[in-house]
Amino acid sequence: MDYDFKKIEKKWQDRWAEEKTYKVKEDSSKPKFYVLDMFPYPSGAGLHVGHPLGYIASDIYARYKRLKGYEVLHPMGYDAFGLPAEQYAIQTGQHPEKTTSENVARYRRQLDRIGFSYDWDRSFRTCDPDYYKWTQWAFIKMFKSWYDPQLDKARPITELIEKFETVGYDDITPEIWAAADEKQRSDILMRYRIAYLGETSVNWCEGLGTVLANDEVKDGLSVRGGFPVEQRKMKQWQLRVSAYAGRLLDSLDKLDWTDSLKEMQRNWIGKSEGTEMVFDTVCGDTHKPITIFTTRADTVFGVTFMVLAPESDLVDELTTPEQREAVQEYVKESKKKTERERISETKTVSGVFTGSYGINPLTGEKIPIWVSQYVLAGYGTGAIMAVPAHDSRDYAFAKKFGLPIIPLIEGADVSEQSFDAKEGRMINSGFLNGMEVKEAIEAAKDYVEAHGLGHRKTNYRLRDAVFSRQRYWGEPFPIYYKDGIPVPLPESELPLELPAISSFKSVAGEAPLERAENWTYKGYPLETSTMPGFAGSSAYYLRYMDPHNSEELVSADANRYWRNVDLYVGGTEHATGHLIYSRFWNKFLFDMGYVCEDEPFRKLVNQGMIQGRSNFVYRIVGTNRFVSLGLKDKYETTEIHVDVNIVHNDRLDLDAFRAWRPEYKDAEFELEDGEYICGWAIEKMSKSMYNVVNPDDICDRYGADTLRLYEMFLGPVEQSKPWDTKGIDGVNRFLKKFWRLFYDRDRWLVTDAKASPAELKSLHKLIGKEQEDIENFSYNTTISAFMIAVGELSDLGCSSREVLEPLVVLLSPFAPHMAEELWHALGHEDSVVYASFPEYVAAYTVEDSVTYPVSFNGKTRFTVDLPRKATPAEVEAAVRALPQTAKYTEGLNVVKVIVVPGRMVNMVVK
RNA sequence: GCCCGGAUGGCGGAAUUGGUAGACGCGCUGGACUCAAAAUCCAGUAUCCCUUAAAGAUGUGCGGGUUCGAUUCCCGCUCUGGGCACCA
């Protein structure tokens, strides 16, 4: 029987589905392991060969852990709400539900072909009402909670109300609370709720007709669609992610994530420890203290002016009548600009004087207050003290407008540029003179606090997440408005299902749900925004633990068993989006006692991207004649992308090329050695480059097992690399070779013969290697080890079941179909999934000798075989006891013997 | 500008973290089998000198250093991938 992968793979995929081989349940007699992939957004283009990379890696891990005796939760689902389906609906009028279902079905077919061990009974889509019920539920919980900074955790809002009623909290005294009407109370509480409705400067994207979160905007353009984004003040639902900034930062240390990813999150959270300081100001005859934030309290003596953000509320109050016109003009201009324009203008300095002055709290000096775009309203207090000598932005501003620059650090030359480094000795700084900068910062902070000028303050760049989208294809908010006051729906009313609407076309500024009929609750209007894409993906990993529970997001029992994700595999592109929101969401649920772990993803592996490898043909200009790569320099040619699917190992399939497109029907070729060689380049995998490789095609040609093996053999999982089909024959050959250990054509080769020591050694080396490598995600080297072992066993003519049976088990995580087929051929009734790895590991007895090269001063002179367990002293003694060689006896004096256990002996001689 | 990674044959990549650099695969060359092809198998394949072999020398981006010994550690560069970017 030949290795007929088509038959074998179909057969086992059907059997696995039918027998629910990969179904898992909470089994407290076994340790749990939770392996999760970032679930895909089911796009219309289907899967390309890059998508399964991470899925294959995690599937191997999941299968391996199963063999090791773990109960493994390995689910898959779809992140199905989102913009592309809706954009498509706008263009075609098709309901997003329909296209989503079609895309999901297509994804499922493609995934099934690759032989993943998912428990499909746990699968769901984020757009299923049974699922988004729990997204809405969590939102209501957030609405009904506040963040208690004392306890440093979220608490029910009722506790805050109780504080207001009894002792007061912040600036709300019991009297104020008692006097407040329903609307006022709602407004007060909005300032504290975790999910709240608030006016804020948001990223408004006209092209998409919706607001976006910070991570959905890049370089002033929307990540989806690339439309320009501008800043607008709007009332939007938000999540108080910023309250969790400190905890999100601190618990990064506990996570087994890559350093680069943690670093990205640290930057995004952007902790900075500084001081909030009050400056008195003079505007005409009125005084108004304003608060600024600085990390350089040591530089107050060098403050020569102050700057307000154009959006700051203080601008109006501090503008003198003479300056009013100029200031208003400037503010208007900057508001009109899109985010992108503002970014592109970062190098051009602009600003306008308000006419009023601040008082330097340490020197008493009067300093002008300006307005400029380089100060951001959303960070700190929206106002700064400017120290041109030691801040490059302040410096540029001072130079442009001729403001004084006072150096504060000894030896700092500020004639050309500012001196930003935090080092050196202070001068011109009163009581700070003579101190080192780091010392001075602390001393200044102490001084400021002691004299009541301000206090220490930690700021974060992480902003609250804007949570509403003026779009259709998302979760509706479970909120209605009673006389303008937002009220959550009773939980019994969940899920609040997305209503039908007549047209998907977006109308400027109008949310599609405004067009829904009867979008009301008990006669009150319902919220017409929907939730953003990250809402549904923030807690999905919890739902897999208990996907059919209609009473709870996840039952306490299921949650206690599965706890959190042990291994999460996905791309880095979610570093500052999904992975922050999920952690936030999980921490909130943890605070409220709904989940038992503070962090959702213990270990995270980022798989690299698979790039495309494009192929080119070269057409002689003005003809339909194509020249092979090596000959193209003889002519003037145009480089044309050619579909990589009609090119094999850079050789063009001429007939397929002629058939590819009508205009090439009569193409002529100039060949090299009878072949047409194509040029190539590494580019992003995309349709327009004709370099998209569909996994289905690889499965047709080589089989899923080869695809799995090859994707892993390409290189380390974490690394980005181009898809290049050149090497695929190698792993395919390996599988055939593996098969031939069992079958010679129709003859079954396996016998009950006793394994030879050499055969066992091969097997045991592999067992050792596989265990070590899989734990380190080093699958390419495991496969190498496999190739070596199979080569050795094949050379030895190994037929012993004692060796071949464990070999099948070892193969099963990588090539599950072939392993399953052989496992059954070996007479097993059950799936190879139920085989037990530890059994074979127990027999792991590599007990061999080590060949030590013995060298003098680094040059190898002879070797000696010794048992692996020999101690360095024993090795040295054995080497010294050897019959002396000519070189050894030539009066050489051995000064030192260096023994590297298991490796080598080096003698230092004189 | 700031913060992380990388750099090893013709190519993808190994090297047990300081111990025989180049595992394994691809590609290439030669051979076996075959009427032939495919498939399969065997041998060779870092560079230089050389008809070949032996022997030698060089060799992990570049320049230094530590060490008996450096792809690995330290210092200074070059190139390159990624992230952040008026965050006070």
Side-chain angles (χ1 to χ4, degrees), chain A residues 2 218-219 258-268 270-272 274-275 292-296 299 306-307 309 342-343 345-347 349 372-376 378-387 390-394 396-397 420 459-463 572-573 575-576 606 608-609 649-650 709-710 713-716 718-722 724-734 736-737 740 768-769 772-773 776 778 780-789 791 794-795 851-853 855-860 863 895-909:
Chain A
D2 277 339
K218 207 177 165 221
D219 297 330
T258 59
D259 290 338
S260 70
L261 198 84
K262 287 195 208 176
E263 200 56 32
M264 265 190 243
Q265 291 215 339
R266 284 192 193 103
N267 289 340
W268 191 258
K271 181 177 183 170
S272 80
T275 313
I292 57 96
F293 174 75
T294 180
T295 53
R296 296 292 301 272
T299 60
M306 297 179 78
V307 188
R342 280 180 75 155
I343 288 169
E345 282 171 17
T346 50
K347 266 150 213 109
V349 182
S372 174
Q373 280 177 29
Y374 85 88
V375 175
L376 305 177
Y379 184 76
T381 61
I384 63 156
M385 62 177 213
V387 186
H390 302 290
D391 181 288
S392 52
R393 295 152 305 179
D394 297 345
F397 196 85
D420 292 17
N459 264 334
Y460 296 94
R461 283 167 59 186
L462 185 70
R463 314 282 171 84
T572 17
E573 66 272 21
T576 52
N606 292 121
M609 280 214 297
N649 288 352
D650 291 339
L709 231 31
Y710 185 57
F713 192 62
L714 226 39
E718 298 92 333
Q719 199 172 298
S720 285
K721 57 231 153 188
D724 181 356
T725 329
K726 263 187 184 164
I728 200 165
D729 293 316
V731 289
N732 190 241
R733 235 168 263 165
F734 158 73
K736 288 183 194 161
K737 207 164 168 178
R740 282 201 304 272
K769 188 79 179 149
E772 194 182 304
D773 284 353
N776 294 324
S778 179
N780 53 338
T781 54
T782 319
I783 295 168
S784 292
F786 243 114
M787 289 173 170
I788 295 168
S794 166
D795 289 348
T851 303
Y852 282 90
S855 54
F856 299 147
N857 290 355
K859 296 215 167 72
T860 304
T863 62
V895 180
K896 197 158 111 189
V897 178
I898 300 156
V899 177
V900 181
R903 304 297 254 144
M904 63 176 293
V905 180
N906 191 8
M907 294 182 158
V908 183
V909 297

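Because only heavy atoms are used, hydrogens play no part in the values below, and waters and symmetry mates are left out as well, while side chains stay in. Throughout, protein chains are lettered first and strands after them, A, B, ... in sequence-line order, and every chain is numbered starting at 1.
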[X] side chain: which of [options] is closest?
X: A:M264; options: B:G83, B:A88, B:A85; value: B:G83
X: A:K726; options: B:C26, B:G13, B:A23; value: B:C26
X: A:T781; options: B:A14, B:A88, B:C24; value: B:A14
X: A:T294; options: B:G25, B:G13, B:A88; value: B:A88
X: A:M787; options: B:A14, B:C24, B:A88; value: B:C24

Say we look at [N] and [M]: how far apart would their [atom1] atoms be, to the nearest angstrom?
N: B:C77; M: B:A7; atom1: C1'; answer: 14 Å
N: B:G64; M: B:G13; atom1: P; answer: 30 Å
N: B:G10; M: B:U78; atom1: C1'; answer: 24 Å
N: B:U71; M: B:G22; atom1: P; answer: 12 Å
N: B:G19; M: B:U72; atom1: P; answer: 11 Å
N: B:U60; M: B:A46; atom1: C1'; answer: 11 Å
N: B:G61; M: B:G6; atom1: P; answer: 13 Å
N: B:C33; M: B:C42; atom1: P; answer: 15 Å

Please report the closest heavy-atom contact between [X] and [Y], naming both atoms and the distance.
X: A:F293; Y: A:G380; result: CB-CA, 4.3 Å
X: A:L376; Y: A:A309; result: C-CB, 3.7 Å
X: A:S272; Y: A:T295; result: OG-CG2, 3.9 Å

Base, sugar-phosphate or nothing for [X]? Non-hydrogen atoms, less than 4.0 Å.
X: A:V375; result: base
X: A:L714; result: sugar-phosphate
X: A:I788; result: sugar-phosphate
X: A:Q719; result: sugar-phosphate
X: A:P722; result: nothing

Have A:N606 and A:T572 got a donor and an acceptor in their side chains that come within less than 3.5 Å?
->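 No, because no side-chain N or O of A:N606 sits under 3.5 Å from a partner of the opposite role on A:T572.
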Report yes or no: do A:S778 and A:T781 form a side-chain donor-acceptor pair below 3.5 Å?
-> yes
Indicate syn or anti for B:U17, taking the glycosidic torsion and treating anything within 90° of 0 as syn.
->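 With its glycosidic angle within 90° of zero, B:U17 counts as syn.
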Glycosidic conformation of B:G9, syn or anti, with 90° from 0 as the boundary?
-> syn
Value in whole Å for how far the [atom2] atom of [N] lies from [atom1] of [X]:
X: A:K262; N: B:G82; atom1: NZ; atom2: P; value: 24 Å
X: A:L709; N: B:C24; atom1: CG; atom2: C1'; value: 12 Å
X: A:K721; N: B:G81; atom1: NZ; atom2: P; value: 18 Å
X: A:Y710; N: B:C24; atom1: OH; atom2: C1'; value: 13 Å
X: A:D420; N: B:C86; atom1: CG; atom2: C1'; value: 12 Å
X: A:F713; N: B:G27; atom1: CZ; atom2: P; value: 12 Å
X: A:N780; N: B:G13; atom1: CG; atom2: P; value: 9 Å
X: A:R266; N: B:A85; atom1: CZ; atom2: C1'; value: 19 Å

Find every protein N or O atom lying less than 3.5 Å from an N or O atom of nucleotides 1-9 of chain B, and list the pairs.
none

Partners passing side chain to side chain contact (heavy atoms under 4.5 Å, CB included) against A:A575 (at least two apart in sequence or in another chain) |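 For A:A575, the residues satisfying side chain to side chain contact (heavy atoms under 4.5 Å, CB included) (neighbours in sequence not counted) are A:L261, A:M264.
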State whether the side chain of [X] and the backbone N or O of [Y] hold a donor-acceptor pair below 3.5 Å, judged by distance alone.
X: A:D394; Y: A:H390; result: no
X: A:N780; Y: A:L714; result: no
X: A:S720; Y: A:M609; result: yes

Are A:Y379 and B:A88 close enough that a side-chain N or O sits under 4.0 Å from OP1 or OP2?
->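 Yes, because at least one side-chain N or O of A:Y379 sits under 4.0 Å from OP1 or OP2 of B:A88.
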Do the non-hydrogen side-chain atoms of A:V349 and A:Y374 ever get within less than 4.5 Å of each other?
-> no
More than 12 heavy atoms of other groups within 6.0 Å of A:D795 CG =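 Yes, CG of A:D795 has more than 12 neighbouring heavy atoms, counting only those of other groups under 6.0 Å.
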Pair A:M787-A:V731, side-chain contact (heavy atoms from CB on, under 4.5 Å): steps then yes or no | CA-CA 9 Å; A:M787 289 173 170; A:V731 289; 3.7 Å; yes
With sequence neighbours excluded, tell me which residues meet salt bridge (charged side-chain N to carboxylate O under 4.0 Å, His left out) with A:R740.
-> none
Return one dot-bracket line describing RNA chain B 5' to 3' (Watson-Crick or G-U wobble pairs, both distances under 3.5 Å; ( ) same strand, [ ] crossing, | another strand, . none).
-> (((((((..(((......[....)))((((((.......))))))(((.......)))..(((((..]....))))))))))))....
Report all interatomic pairs (protein N or O, nucleotide N or O of nucleotides 40-42 of chain B) with separations under 3.5 Å.
residue: B:U40; atom: O3'; partner: A:R740; partner atom: NH2; Å: 3.2
residue: B:C41; atom: OP1; partner: A:R740; partner atom: NH2; Å: 3.3

Could you list the residues that satisfy ring-ring contact (aromatic ring centres under 6.0 Å, His included) with A:F713, not counting sequence neighbours?
->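 ring-ring contact (aromatic ring centres under 6.0 Å, His included) check on A:F713 returns nothing, list empty.
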RNA chain B: A:S272 or A:W268, which has the more 5' nearest nucleotide?
->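 Final value for this comparison: A:W268.
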